[in-house]
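Notes follow the structure.
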2 protein chains.
Amino acid sequence: MAECVCSSIRKAARAVTELYDGILKPSGLRVTQFALLAVLASAGSTTITRLGQILVIDRTTMTRNLKPLVNQGLITIEAGQDQRTRVVTLTPSGREALAKALPLWEKAQTRVVEGLGRQRWRTLLADLSAVIALARLE
Amino acid sequence: MAECVCSSIRKAARAVTELYDGILKPSGLRVTQFALLAVLASAGSTTITRLGQILVIDRTTMTRNLKPLVNQGLITIEAGQDQRTRVVTLTPSGREALAKALPLWEKAQTRVVEGLGRQRWRTLLADLSAVIALARLE
DNA sequence: CAGCGATAGGTGCATATACTCCTAATATGA
DNA sequence: TCATATTAGGAGTATATGCACCTATCGCTG
């Protein structure tokens with residue numbers, strides 16, 4: 001099953017997560033949490049469902065992933081205009097944590113990109129996007 | 001953070017896992033479990049640590065991932081010659097479950113491979129291998 | 001052969017992931 | 001406008017993931 005797309009991607013995800021998490025460790029953030037904060041920083045306050053759509057994470061998983069960040073005071077969750085929605089907002093403390101983690105992320109990222117070569121890295125990102133689009137059809 | 005290698009791979013892993021799990025559903029196996037059984041079928045009985053090395057999964061995670069498969073009677077775990085080790089073996093029932101899941105896996109796999117194109121698929125697998133090797137240096 | 005480092009594995013803990021089923025609020029349309 | 005479908009979210013359950021720390025066994029070496 002060496003050619004299984006899914007297993008290969010999952011395997012790579014585990015390997016690369018371990019690398020990033022290890023390097024990010026001093027920041028106190030995991031790569032999942034870092035990515036979440038980064039999305040909030042760039043997209044601004046948004047609902048839980050919207051965050052899930054952006055990150056390709058199930059709605060209910062998002063709810064749970066947000067919890068440790070709330071506990072650490074990095075984000076807040078409040079009711080939106082639409083009373084059904086809950087709006088997630090980056091706190092100053094969250095913005096600070098993100099800024100502190102950024103150079104560590106860059107370190108991990110550089111290691112992979114340089115090891116892989118820029119061209120190959122670009123190809124990989126494009127291929128992964130294609131896979132995501134494919135998987136999410138219908 | 002759209003260019004984050006780690007986030008992109010994780011995102012793709014989620015998307016593609018959902019696809020495979022959905023298609024594999026009638027077999028009662030998840031893609032993680034399918035991959036595990038497939039490794040056992042091709043490599044034969046092995047220890048927990050060895051399985052983890054093959055699948056790039058932490059030793060302790062392996063222990064837990066094996067549990068539902070034992071409960072379903074698809075594998076057995078027994079002490080090895082070396083009394084420290086525990087040897088995992090595919091049962092006839094496990095072999096059967098794997099065989100039943102295979103055509104479903106092929107369906108999911110075909111969909112991704114054809115959607116992506118053979119060439120691009122090959123490139124992706126090679127790039128993912130490179131990423132794994134990179135991440136696991138040192 | 002006694003002791004010690006290395007190896008195999010397990011447990012506790014925390015996070016990550018998603019499905020099913022549930023409630024509440026909104027939007028829609030007869 | 002009221003009934004209904006849709007949408008946003010949460011809770012229960014089960015699996016997936018790995019780190020820190022623990023025990024038991026093995027192999028090696030003085």
Please list every donor-acceptor pair under 3.5 Å in which a side-chain atom of residues 45-52 of chain B meets a protein atom from a residue at least two apart or in another chain.
from    : atom 1 : to      : atom 2 : distance (Å)
B:Ser45 : OG     : B:Thr89 : OG1    : 2.9
B:Thr46 : OG1    : B:Gly44 : O      : 3.4
B:Thr47 : OG1    : B:Arg50 : N      : 3.2
B:Arg50 : NH1    : B:Gln53 : OE1    : 3.3

Using atom CZ of A:Arg10 as one end and atom C1' of D:dT15 as the other, report the distance to the nearest whole Å.
-> 10 Å

Output all residues satisfying side chain to side chain contact (heavy atoms under 4.5 Å, CB included) with B:Ala108, sequence neighbours left out; order by chain, then residue number.
-> B:Tyr20, B:Ile23

Who are the side chain to side chain donor-acceptor pair (under 3.5 Å) partners of A:Glu18, not counting sequence neighbours?
-> none

Please set out all donor-acceptor pairs under 3.5 angstrom arising from side-chain atoms of residues 26-37 of chain B, sequence neighbours excluded.
from    : atom 1 : to      : atom 2 : distance (Å)
B:Ser27 : OG     : B:Leu24 : O      : 2.6
B:Ser27 : OG     : B:Leu29 : N      : 3.1
B:Gln33 : OE1    : B:Arg30 : N      : 3.1

Under 4.0 Å: is that the gap between some side-chain N or O of A:Arg30 and OP1 or OP2 of D:dG18?
-> no

Same cluster for A:Leu128 and A:Ile54 if Ile/Leu/Val/Met/Phe/Trp/Tyr side chains link at under 4.5 Å?
-> yes

Nearest whole angstrom, please: distance from the P of D:dA16 to the CZ of B:Arg14.
-> 17 Å

For B:Arg95, enumerate each residue passing the side chain to side chain donor-acceptor pair (under 3.5 Å) test, keeping only those at least two apart in sequence or located in another chain.
-> none

Just call it for A:Arg50: base, sugar-phosphate, or nothing, with non-hydrogen atoms closer than 4.0 Å on any strand.
-> nothing

Under a 4.0 Å heavy-atom criterion, DNA chain C is touched by chain B from C:dA6 to C:dT20

Give B:Thr17 one of three labels, base, sugar-phosphate or nothing, depending on what nucleic acid heavy atoms sit under 4.0 Å from its own.
-> nothing

What pairs of residues pass the side-chain hydrogen bond (donor to acceptor under 3.5 Å, both in side chains) test when at least one of them lies in residues 54-63 of chain A, not counting sequence neighbours?
-> A:Asp58-A:Thr60

Find the distance A:Leu29:CG to D:dG18:P and express it as a whole number of Å.
-> 19 Å

For B:Asp127, all residues meeting side chain to side chain donor-acceptor pair (under 3.5 Å), sequence neighbours excluded | A:Arg120

Residue-level proximity of residues 57-88 of chain A to DNA chain D when a heavy atom falls under 4.0 Å = A:Arg59, A:Thr60, A:Thr63, A:Arg64, A:Arg84, A:Thr85, A:Arg86

